[in-house]
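As structure tokens, the structure follows; a few thoughts come after it.
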Amino acid sequence: FPRQIVISEMMPDHVHDLRNPHRILPAPCSRKTPTAHPLRYPCSSASQLNPRTLPSDLSQSSHPKIEKDLHTKGFKNICGIDEAGRGPLAGPVVVAGAIMPEDSMIEGVNDSKKVSEKKREILYDKIIEEAISYSVAIIDEKIIDEINILNATKKGLTQVVGGQKVKPDIIIVDALNNIDTLGIPYTPIIKGDALAYSISCASIIAKVTRDRIMRQMDEIYPEYGFAGHKGYGTAKHIAAIKEYGLCKIHRRSFTKNFVK
């Protein structure tokens with residue numbers, strides 16, 4: 001099946017290709033996102049889903065029930081989208097989208113936060129191998145500081161939609177509203193990364209991609225311990241900021257309370 005990965009928004013030239021560590025990523029070109037009027041698909045089985053309304057066997061792990069419901073309604077290419085890195089003090093926010101085959105059911109796929117780092121790496125390879133199409137957008141800390149983290153996440157989502165080699169028939173996304181999906185209908189799902197299989201797949205792609213970036217950043221800025229906390233505001237990270245100050249990848253809008 002065709003698939004595609006798109007690296008977006010001016011990551012530093014010294015960031016290595018995440019799938020080939022011996023190749024340096026070229027500086028990507030900026031592209032303007034076309035204006036579109038997003039549509040919200042009024043699917044009662046998906047648009048307002050909440051873990052409390054589902055049977056216990058579905059609320060504890062991701063399951064393709066949501067996708068199966070959409071398939072029966074005529075939607076073939078269902079793109080699940082999720083992000084990683086909205087909360088850290090440093091590094092990019094990464095948004096990923098995955099269109100999985102209708103019969104796909106990779107064992108162990110769940111919300112990336114509920115899966116160990118080692119297992120995520122294994123699942124990542126299985127997901128991108130099986131995906132009909134997938135794409136990734138990386139929005140760096142400069143853009144986050146300029147337009148805020150919510151808008152940066154939405155910007156990445158639009159780029160992910162545009163980066164799919166196979167056009168989605170519908171987007172399902174983890175609890176984001178008022179988004180530009182380039183005219184493709186979408187529905188937000190509460191805790192979608194734990195409930196919808198394709199969103200869980202996207203969650204793992206996004207998390208693994210971001211973790212790899214932060215391990216690379218740890219080699220450049222070893223004093224901050226990015227390989228361990230991945231840029232989140234741990235006590236160790238905050239202590240390092242107070243001792244060494246901010247580095248290039250810190251989000252200035254997130255670190256005002258730690259530096260004078």
Side-chain angles (χ1 to χ4, degrees), residues 5-31 82-96 112-113 115-125 128 134-153 155-156 159-160 163 202-260:
I5 183 167
V6 175
I7 304 296
S8 306
E9 288 307 327
M10 297 188 289
M11 285 301 293
D13 291 345
H14 53 257
V15 176
H16 289 76
D17 186 325
L18 299 175
R19 300 185 66 188
N20 179 2
H22 302 294
R23 186 169 70 85
I24 303 295
L25 286 172
C29 299
S30 299
R31 74 172 172 82
D82 200 14
E83 51 73 29
R86 286 181 68 173
L89 307 180
V93 61
V94 176
V95 186
S112 65
K113 296 184 288 296
V115 181
S116 70
E117 185 169 350
K118 182 177 180 180
K119 189 171 183 179
R120 284 196 301 265
E121 289 282 347
I122 296 171
L123 290 172
Y124 173 92
D125 290 336
I128 64 172
Y134 74 95
S135 62
V136 177
I138 300 170
I139 310 297
D140 72 13
E141 64 285 341
K142 294 178 182 177
I143 302 297
I144 292 170
D145 286 337
E146 180 182 342
I147 65 176
N148 76 47
I149 185 62
L150 178 59
N151 287 326
T153 303
K155 181 181 180 74
Q159 292 181 356
V160 162
S203 173
I204 290 171
I205 294 172
K207 180 65 173 171
V208 170
T209 301
R210 190 177 189 280
D211 284 356
R212 292 177 180 180
I213 292 171
M214 296 311 291
R215 287 196 292 270
Q216 290 181 5
M217 293 300 100
D218 185 71
E219 296 178 5
I220 299 169
Y221 307 106
E223 62 271 28
Y224 295 98
F226 289 134
H229 53 66
K230 307 300 190 294
Y232 284 88
T234 63
K236 180 180 178 181
H237 187 191
I238 293 170
I241 291 174
K242 291 180 178 178
E243 182 175 357
Y244 301 108
L246 301 177
C247 73
K248 185 177 179 181
I249 68 167
H250 277 107
R251 303 174 184 178
R252 269 53 183 175
S253 57
F254 279 57
T255 52
K256 295 176 181 177
N257 295 332
F258 307 120
V259 291
K260 295 181 180 180

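A quick note: this is a predicted structure, and the numbers were derived from the prediction, not measured. Starting from 1, each residue takes its place in the sequence as its number.
- The distance from atom CD1 of I144 to atom CZ of F254, rounded to the nearest 0.5 Å, is 6.5 Å.
- Contact check for H237 versus P88: no side-chain heavy atoms found under the 4.5 Å cut-off.
- Considering CZ of R251 and CG of D140, their distance stands at 10.0 Å, rounded to 0.5 Å.
- Ionic pairing of R252 and E141 is not present here: no N-O contact between side-chain nitrogen and carboxylate oxygen is shorter than 4.0 angstrom.
- Across all their heavy atoms, A137 and G156 have their closest contact at CB-O, 3.5 Å.
- Considering CG of D82 and CD1 of I205, their distance stands at 10.5 Å, rounded to 0.5 Å.
- Under the 3.5 Å distance criterion, the side-chain polar atoms of R86 are left unmatched by any main-chain donor or acceptor of V93.
- Heavy atoms only, all atoms of each residue included: K230 and R210 are closest at O-NH1, 2.8 Å.
- In terms of modelled atom types and a separation under 3.5 Å, the side chain of H229 and the main chain of Y224 share a donor-acceptor contact.
- Side chain of T255 to backbone of F258: no donor-acceptor contact under 3.5 angstrom is found.
- Side chains of L89 and I238 form a contact here, defined as non-hydrogen atoms less than 4.5 Å apart.
- When atom types are taken as modelled, the side chain of R120 and the backbone of I204 share no donor-acceptor pair closer than 3.5 angstrom.
- Summarising the geometry, atom CG belonging to D211 is positioned 12.0 Å from atom CG belonging to D218; distances are rounded to the nearest 0.5 Å.
- Partner of P92 under the side chain to side chain contact (heavy atoms under 4.5 Å, CB included) criterion, out of I139, I213, I249, T209: I213 alone.
- Residues K256 and S253 approach most closely at CE-CA, 4.0 Å, considering heavy atoms.
- The shortest distance between side-chain heavy atoms of K248 and K142 falls below 4.5 Å.
- We find the NE2-OH distance between H250 and Y244 to be 12.5 Å, quoted to the nearest 0.5 Å.
- E146 and K155 are not joined by a salt bridge, as no carboxylate oxygen comes within less than 4.0 angstrom of a charged side-chain nitrogen.
- From E83, atom CD reaches atom NZ of K207 across 10.0 Å, with rounding to the nearest 0.5 Å.
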